[in-house]
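Comments concern the structure below.
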Amino acid sequence: MRNGAAPLLAILVLFASSTTAVAQPAGDLDPRIVALVASISQDRLGATLKKLESFETRNSLSSTDSPTRGIGAARQWILDEMKGFSPKLQVSFDTYQVPKQGRITRDVELRNVMAILPGRNPRRIYISGHYDTVARPGGQGASNASDGPRDPDAPTPPPADPTAPLDNLAPGVNDDGSGTALTIELARVFSQSGIDFDATLVFMCHVAEEQGLIGARLHAQKAVAEKIPIEAVLNNDIVGGDTGGNGIVDGATIRVYSEGPEDSPSRSLARFVQRWGARYVPSHRVRLMARPDRFGRGGDHSAYNQLGFTAVGFRESRENFTRQHDVRDTYAGISLNYLAQNARVNAAAAATLALAPPAPVVTGARGQPTISRAPTGYDANLRWVASPGAVAYRIFWREAWGPDWQREMLVGKVTNVVLPDMQIDDYVFGVAAVDALGHESFVSAYVTPPRANTPIRTSGQ
Ligand SMILES: [Zn+2]
């Protein structure tokens with residue numbers, strides 16, 4: 001073996017030196033994204049969490065008149081903090097007047113805190129968490145341990161005075177200080193990166209998640225009404241703890257939930273997060289969950305899904321329910337190293353997506369997939385519409401039974417590929433656009449739209 005190694009090395013060196021004159025292909029990693037991911041600061045995440053904890057409660061129905069305690073002080077601090085990062089960042093309150101309804105027990109003004117980093121293109125990629133908190137007697141631990149089908153997010157009995165602020169202690173350091181700190185830290189590193197992104201990035205701290213995803217639903221409603229082009233939402237809710245309440249520790253994986261069906265845009269986004277997370281943060285594994293969220297639990301990504309937007313939810317792998325919706329949700333339950341890894345995965349995915357060309361269009365005018373058996377009647381013939389900025393395309397396929405792409409192939413700057421003798425009925429095919437630096441879009445899959453049912457008429461009845 002030793003003797004054989006030397007000649008092989010010589011051949012490799014020779015090959016390398018003979019190719020130095022020609023253009024080198026871009027690697028899988030963009031050095032600017034590597035630098036951006038590396039600039040995420042564990043210390044800053046920790047300092048933000050301690051600050052958020054210091055407000056004692058960030059309940060959406062808590063006091064707004066104290067400069068140090070309650071939701072009013074918290075939202076003002078988040079706004080000021082993000083304003084300090086870069087003049088490029090457009091930071092504002094996204095404010096709504098909300099009358100009493102559902103779990104909103106009195107008329108209230110609700111404010112998401114939003115930072116926009118404008119790109120060359122209005123298409124938007126969101127990174128989000130919710131900064132509001134809640135604490136109930138017994139917390140989530142008591143809800144989960146009970147036998148019945150009780151809704152864990154069910155409201156507590158209304159307070160004696162519904163107009164009084166809900167100022168009981170609700171530190172919410174993991175739920176969802178963790179997602180909020182991650183969002184704030186990514187606002188900092190993206191706005192200070194010096195990278196000229198194609199997509200517009202939005203760093204969104206939602207309010208009133210605990211009252212029924214209210215802040216996210218209000219913003220998603222506005223996006224529909226104002227035709228705001230939201231391309232993707234990466235929502236982070238409870239992403240800071242690596243130790244389950246049962247003592248099981250997992251600091252090396254993160255769960256990403258996405259709604260179906262199998263080749264929905266949200267599933268495609270989830271696969272994208274896994275693919276690009278694995279390249280830039282290989283030590284952290286993204287576990288994809290083929291369901292919208294955990295049993296009986298909800299998150300802000302679902303508010304976007306419900307209005308037709310593409311969104312996924314990040315959740316820590318091992319939850320400690322006794323620390324959720326409880327006074328025990330404190331800084332002591334956080335693993336900063338784990339939170340930082342989750343922030344890096346978010347950053348890698350969002351930066352890649354924000355630099356990549358738009359995904360190719362693989363449907364015709366009537367919504368049918370542009371796939372056929374031509375020319376022989378037994379081939380896989382894939383067509384797509386060119387994406388602006390793409391210099392190549394990567395096609396993917398897998399057996400029609402199974403969630404993950406099994407094969408991929410880089411093809412040139414073409415809009416049609418024929419794979420002879422590949423039966424299109426036996427595989428799922430997809431295509432992604434790739435730019436000159438190797439940034440890759442979502443994969444657009446060729447899927448048949450569901451058939452509308454036309455009732456059969458009968459006579460003589
Ligand atoms: Zn939450």
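All ligand and atom numbering here is 1-based and tracks the order in the structure. Count residues from 1 along the sequence.
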(request) Could you walk me through whether R58 and L52 pass the side chain to side chain contact (heavy atoms under 4.5 Å, CB included) test, one step at a time? (result) CA-CA 8 Å; R58 305 186 304 279; L52 292 172; 3.6 Å; yes
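Here Y126 and H301 keep their ring centres 6.0 angstrom or further from each other.
In this structure, R111 satisfies the cation-pi test against F93, with its NZ or CZ atom closer than 6.0 Å to the six-membered ring centre and inside 45 degrees of the ring normal.
D175 places none of its side-chain heavy atoms less than 4.5 Å from the side chain of T133.
Interatomic distance, OG1 of T183 versus CD1 of I127, reported as 7.0 Å (0.5 Å rounding).
The number of protein N/O/S atoms found under 2.8 Å from the Zn ion (ligand 1) is 4.
Looking at every heavy atom in both residues, M82 comes nearest to A187 through SD-CB, 3.9 Å.
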